[in-house]
Amino acid sequence: MMDEQPRLMHSHGVGMAGHPGLAQHMQDGTAGTDGEGRKQDIGDILQQIMTITDQSLDEAQARKHALNCHRMKPALFNVLCEIKEKTVLSIRGAQEEEPQDPQLMRLDNMLLAEGVAGPEKGGGSAAAAAAAAAAGGIGADNSAEHSDYRAKLSQIRQIYHTELEKYEQLDIVPTGGGYGQRQNFKKNACNEFTTHVMNLLREQSRTRPISPKEIERMVSIIHRKFSSIQMQLKQSTCEAVMILRSRFLDARRKRRNFNKQATEILNEYFYSHLSNPYPSEEAKEELAKKCSITVSQVSNWFGNKRIRYKKNIGKFQEEANMYAARTAVSATSVSAQGSQANSPSTPNSAGGYPSPCYQPDRRIQ
DNA sequence: GGCCATGATTTCCT
DNA sequence: AGGAAATCATGGCC
């Protein structure tokens, strides 16, 4: 962006010797006598301008000063103004407002949904939990992996915010003659750079014509540039979140056996409800609580258990008998429990495995 | 390293 | 929406 200026100088500057306006200016001075000398002067000046960037800083400074004091400077300045006026029109055309980028909105929405953008911690992690739950259907209450996920997410969040702040642009409008509220600017890369460029342009405006409008334009160019940096930041943050998320999902896929106690509780329920091993939502919740696992894990377990039991009843016979005996014992100790039509006492009985009570009702054919 | 048990996921069905 | 069945992927044992 910054190289636009020199380029502008270049393309117009080279042709300048032949510029009609320049010729006119050249004749404005003393009658044609030393026209040759002036041409020479102009050539010198242009040459000097063109090569000023090759100089060391001090040299360039000195040369700038010299040029400023050159007798042809006002003329040159006028020419520059003229050229400016002509080109500015074409520049205007290219300056239409770009519509709010839908891509950017998408990124913003996603970051918001993931709890990276938006309000502080509380809302953030809640959103994260919601997102995770939505992604996996797992209760939000779960365990080490989940908190690990949240920790990583908040790390991303923090980095995102510190980075974002650097490139954030508070609306700095160069008011009137000055850009006075400098002390109010948040100190960040964008604003510092903007201020720097504005100062530079102001200073340059002594040598070449720069309207406030142009400074504004430059500022908006810079802002656009910084916006695109922000966009990149948002994009890579999104990517990071996605990666984290998929890792989290993978981690969840890693199976860990339930502890013995949980398995016993589940088996106990299963075999004592063999006739209808479909715990209600409430029963699932209770089991989940007792086993300190989630409701969907309970559902998974019963799903797996039913199908595997059905597939190979023989294999589970021993297990069935064991739990049946157990519940039988507890049932007798409570005595007055026979009320239920078909659960606790019946399952085991005499060796018959399809467990008399496991009626193939429901969907099990 | 193969093998089975087992929790999780996917697909299809009702 | 919830379940059956198939499938995936890992834990853990030999």
Side-chain angles (χ1 to χ4, degrees), chain A residues 110 113-114 127-153 241-327 340-344 346-348 351-365:
Chain A
M110 179 180 159
E114 292 296 334
I138 256 200
D141 56 333
N142 205 27
S143 76
E145 278 161 26
H146 192 245
S147 70
D148 196 39
Y149 173 79
R150 273 199 310 216
K152 295 240 169 71
L153 191 70
V241 172
M242 293 310 262
I243 289 168
L244 177 66
R245 185 103 91 83
S246 73
R247 282 228 193 94
F248 175 66
L249 255 44
D250 282 352
R252 257 183 343 110
R253 201 183 174 98
K254 268 186 192 141
R255 184 175 59 78
R256 303 197 63 165
N257 291 354
F258 300 151
N259 62 40
K260 215 171 165 192
Q261 201 191 348
T263 312
E264 290 208 350
I265 292 169
L266 293 167
N267 272 317
E268 224 160 85
Y269 187 98
F270 180 79
Y271 287 110
S272 64
H273 295 74
L274 249 194
S275 61
N276 185 28
Y278 299 87
S280 66
E281 196 56 33
E282 295 80 49
K284 281 183 194 170
E285 276 166 29
E286 173 141 2
L287 286 167
K289 204 183 223 174
K290 276 202 238 174
C291 302
S292 30
I293 58 179
T294 68
V295 172
S296 22
Q297 281 177 304
V298 173
S299 297
N300 286 340
W301 191 91
F302 274 88
N304 284 322
K305 190 73 183 181
R306 279 190 301 262
I307 196 78
R308 282 162 188 166
Y309 179 84
K310 197 189 90 176
K311 250 187 186 168
N312 192 351
I313 294 173
K315 199 172 68 185
F316 289 93
Q317 187 189 350
E318 207 180 316
E319 191 179 72
N321 288 339
M322 192 185 93
Y323 282 101
R326 233 190 256 189
T327 52
Q340 272 132 341
N342 54 6
S343 41
T346 19
N348 65 334
Y353 12 128
S355 176
C357 290
Y358 191 20
Q359 296 147 0
D361 58 351
R362 292 275 227 140
R363 334 160 213 259
I364 302 185
Q365 304 90 357

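The structure displayed is predicted, hence computed values, not measured ones. The sequence lines fix the lettering, A, B, ..., with proteins before strands; numbering per chain opens at 1.
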Toward the 5' end of DNA chain C, which comes first, A:Arg308 or A:Gly303, by nearest nucleotide?
A:Gly303

Atom-to-atom span, NZ of A:Lys311 to P of B:dC4 - whole angstrom:
14 Å

Rounded interatomic separation in angstrom, taking NZ from A:Lys284 and C1' from C:dA1
10 Å

Tell me the interatomic distance from A:Ile307, atom CD1, to C:dA6, atom C1', rounded to whole angstroms.
9 Å

Heavy atoms under 4.0 Å, any strand shown: does A:Phe302 hit a base, just sugar-phosphate, or nothing?
nothing

Would you say a side-chain N or O of A:Lys315 is under 4.0 Å from OP1 or OP2 of B:dC4?
no

For B:dA8, does either OP1 or OP2 sit under 4.0 Å from a side-chain N or O belonging to A:Gln297?
yes

Proximal nucleotide (of C:dA4, B:dT6, C:dA6) relative to the A:Arg306 side chain
C:dA4

Would you tell me if any nitrogen or oxygen in the side chain of A:Lys310 comes within less than 4.0 Å of OP1 or OP2 on C:dA5?
yes

Whole angstroms only, please: what is the CH2-C1' distance between A:Trp301 and C:dA4?
16 Å

Side-chain heavy-atom pair A:Lys305, A:Tyr271 within 4.5 angstrom cut-off:
yes

Salt bridge (Lys or Arg N to Asp or Glu O under 4.0 Å), that's the test. Do A:Glu264 and A:Arg326 meet it? Break it down for me.
CA-CA 11 Å; A:Glu264 290 208 350; A:Arg326 233 190 256 189; 3.2 Å; yes

If you count every heavy atom of other residues, nucleotides or ligands that lies below 6.0 Å from A:Glu285 atom CD, does the total exceed 12?
yes

Just compare B:dT9, C:dG3, B:dT6 and give me whichever is closest to any side-chain atom of A:Asn300.
B:dT9

Expressed as a whole number of angstroms, how long is the span from A:Asn312:CG to B:dT6:P?
12 Å

Whole angstrom value for the distance that separates C1' of B:dG7 from CG of A:Leu266:
12 Å

With a 3.5 Å cut-off and just heavy-atom distances, do the side chain of A:Asn257 and the base of B:dA5 make a donor-acceptor pair?
no

Applying a 4.0 Å non-hydrogen cut-off, can you work out what A:Lys305 is touching in the nucleic acid: base, sugar-phosphate, or nothing?
nothing

Show, in sequence, the C-alpha distance, side-chain angles and deciding distance for A:Glu281 and A:Val295, and conclude whether the side-chain contact (heavy atoms from CB on, under 4.5 Å) test is met.
CA-CA 8 Å; A:Glu281 196 56 33; A:Val295 172; 3.6 Å; yes

Does the side-chain contact (heavy atoms from CB on, under 4.5 Å) test come out yes or no for A:Phe302 and A:Leu287, once each step is laid out?
CA-CA 11 Å; A:Phe302 274 88; A:Leu287 286 167; 3.7 Å; yes

Side-chain N or O of A:Arg256 less than 4.0 angstrom from OP1 or OP2 on C:dG11?
no

Would you say a side-chain N or O of A:Tyr309 is under 4.0 Å from OP1 or OP2 of C:dA5?
no

